[in-house]
Amino acid sequence: MREVFAGMPWWVKWVAVPVIALVVFGGLIASVVGFVIALLFKVLVFVALVGGLIFVVRKFMASSSSKSDW
């Protein structure tokens, strides 16, 4: 493979081949990137919801324990 690219100009190796790869695999790359971004967003929403739940429960428990001191 190196022998094939050795005789080629620089623009074939660094411009044409990556452009052809993007055209051929562009849909696959876009779907994988979209899936990863969607997964990260869902993980972020999950962490925020669990953090909010923990905050509400701790606040509720703190207010109920202070009322029982009366």
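Taking hydrophobic clusters as Ile, Leu, Val, Met, Phe, Trp and Tyr residues chained together by side-chain heavy-atom distances below 4.5 Å, W10 does not share a cluster with V4. Residues V15 and L22 are members of separate hydrophobic clusters, defined by side-chain heavy-atom contacts under 4.5 angstrom among Ile, Leu, Val, Met, Phe, Trp and Tyr. Put simply, I29 and I37 are part of the same group of oily side chains (I, L, V, M, F, W, Y) that touch within less than 4.5 Å, one to the next. Under a hydrophobic-cluster definition in which Ile, Leu, Val, Met, Phe, Trp and Tyr are linked whenever side-chain heavy atoms come within less than 4.5 Å, directly or via other members, F55 and L53 are assigned to different clusters. Placement of V56 and L49 in two distinct hydrophobic clusters is found when ILVMFWY residues are connected by side-chain heavy-atom separations under 4.5 Å, directly or transitively.
What you find for M8 and K13 is that their closest heavy atoms are O-CE, 4.1 Å.
Test V24, V17, V23 against I20 for side chain to side chain contact (heavy atoms under 4.5 Å, CB included) and you get one pass: V24. The one candidate from L40, L39, V33 that meets the side chain to side chain contact (heavy atoms under 4.5 Å, CB included) condition with V36 is L40.
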